[in-house]
Number of protein chains: 2
Amino acid sequence: MASNPKTLDDLFLDTLKDIYYAEKQILKALPKMAKTATSPELKQAFEKHRDETETQVDRLADVFEMIGKAPRGKTCDAILGIIEEAKSIMEEFEGSPVLDAGLLASAQAVEHYEISRYGTLKAWAQQLGLDNAVKLLDQTLAEEVNTDVTLSKLGESKVNKQAQAKAA
Amino acid sequence: MASNPKTLDDLFLDTLKDIYYAEKQILKALPKMAKTATSPELKQAFEKHRDETETQVDRLADVFEMIGKAPRGKTCDAILGIIEEAKSIMEEFEGSPVLDAGLLASAQAVEHYEISRYGTLKAWAQQLGLDNAVKLLDQTLAEEVNTDVTLSKLGESKVNKQAQAKAA
């Protein structure tokens, strides 16, 4: 096996490009999800997260700058697959009383992808001594975790109950 | 918009098929990841999770039985995308001292997808009053969370440090 000189800096940059691309895809998907949702609370949660995502993209641009690179995305098959599934749910359950429950689940799959990537990037930034990047990545990570918790609560307190009540 | 008679039972079954397919893909991917990993601890973590995944597939089959359905998968674009990214990392960082760090990150993306799906299925099973299914789904959810925590600790205590030390 040939020696490969790639370092943790390369891996960090590679994953930064991956999540930068993913966030931009999410930014495109969220308005469609907000429009499709029927529950006002779910619509609002998607709209709020869309605004947060804009800030998160800006933070990523700052992290690129901190390591002396121009912000650039790299095709992220994972987020494309996750969004593709969200689209299938929207089509398959359009007009059904359980559409919101399906949309909420899709959004949580998106959040968990982001939680895993920001968790990884934060750990690598710590290892690389990029303290200012750690701060920014941690802010976004906290927002993603918070969004996931909000969605879980909204599911359990309202959306899943409504899904079953309306379908009864 | 035409009324769509699909119910929470349909959404539950749809997502059960999604994760059943995903688990089978993960079962195929883990031995390759274990073989590629250079750290004995990471190899061991992947092998342990492979064994757990077999039990998790069996539990899913039990949940299918509880709702009177035959276990069947449905193509899950999300896991295909996540595994595709893991393969790219394995190729791009083959022979590099940071390969293990990349593999560990890929495995955490897989875990987080599973955490989101089992969390959703558990919430829906609760709503549907499928108490025995809730128990099984919760067991698997706890294992996935535990695997993710184990991987985070292994990353911070060893793999990320080694990645940087070897590359220096």
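Computed from a predicted model, the values in this text were never measured in an experiment. Side chains included, hydrogens not; waters and symmetry mates left out as well; all remaining heavy atoms used.
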Practice problem: Given side-chain contact (heavy atoms from CB on, under 4.5 Å), test B/R59 with B/T55 step by step and report yes or no. | Solution: CA-CA 6 Å; B/R59 281 193 203 119; B/T55 306; 3.7 Å; yes
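Between chain A and the options B/D18, B/D9, B/I79, B/I89, heavy-atom pairs under 4.5 Å are most frequent for B/D18. The most heavy-atom pairs under 4.5 Å with chain B, out of A/T120, A/I82, A/N160, come from A/N160. When each of B/G119, B/A86, B/A101 is scored by its heavy-atom pairs under 4.5 Å with chain A, the top score falls to B/A101. Comparing A/Q108, A/E92, A/E84 by how many heavy-atom pairs each has under 4.5 Å with chain B, the most go to A/E92.
Taking NZ from B/K87 and OG from B/S106, the interatomic distance works out to 12.0 Å, rounded to the nearest 0.5 Å. Put simply, CD on A/Q162 and CG on B/L8 are 12.0 Å apart, with the number rounded to the nearest 0.5 Å. Within the model, atoms CD of A/Q139 and NZ of A/K122 stand 11.5 Å from one another, a figure rounded to the nearest 0.5 Å. Atom CG of A/D100 sits about 3.5 Å away from atom OG1 of A/T38, to the nearest 0.5 Å.
Remark: side-chain polar atoms of B/T15 are not paired, donor with acceptor, to backbone N or O of B/F12 under 3.5 angstrom. Judged by distance alone, the side chain of A/S96 and the main-chain N or O of B/K6 form a donor-acceptor pair under 3.5 Å.
Looking at A/L80, neither its backbone nor its side chain comes within 4.5 Å of chain B, counting heavy atoms on both sides. Contact annotation for B/D14: only side-chain heavy atoms (C-beta onward) come within less than 4.5 Å of a heavy atom of chain A.
No side-chain heavy atom of B/L13 sits under 4.5 Å from any side-chain heavy atom of B/D10. The shortest side-chain heavy-atom distance between B/D51 and B/E47 does not fall under the 4.5 Å cut-off. Residues B/E85 and A/C76 form a side-chain contact, since some pair of their non-hydrogen atoms from C-beta on lies under 4.5 Å apart. Within the 4.5 Å cutoff, no side-chain heavy atoms of A/E91 are placed close to those of A/E94.
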Under 3.5 Å, which donor-acceptor pairs do the side chains of residues 19-37 of chain A form with other protein atoms, sequence neighbours left out?
{"residue": "A/E23", "atom": "OE2", "partner": "A/Y118", "partner atom": "OH", "Å": "2.7"}
{"residue": "A/T36", "atom": "OG1", "partner": "A/K32", "partner atom": "O", "Å": "2.6"}

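Using a 3.5 Å distance cut-off with no hydrogens or angles, the side chains of B/H112 and A/E111 do not pair a donor with an acceptor.
Of all residues in residues 145-158 of chain A, those placing a non-hydrogen atom less than 4.5 angstrom from a non-hydrogen atom of chain B are A/E156. By a heavy-atom distance cut of under 4.5 Å, A/K74 are the residues of residues 61-75 of chain A near chain B, going up by number. For residues 124-137 of chain A, the interface with chain B (any heavy-atom pair closer than 4.5 Å) comprises A/W124, A/Q127, A/L128, sorted by residue number.
Of the candidates A/Q44, A/E144, A/E143, A/E144 is the only one forming a side chain to side chain contact (heavy atoms under 4.5 Å, CB included) with A/H49.
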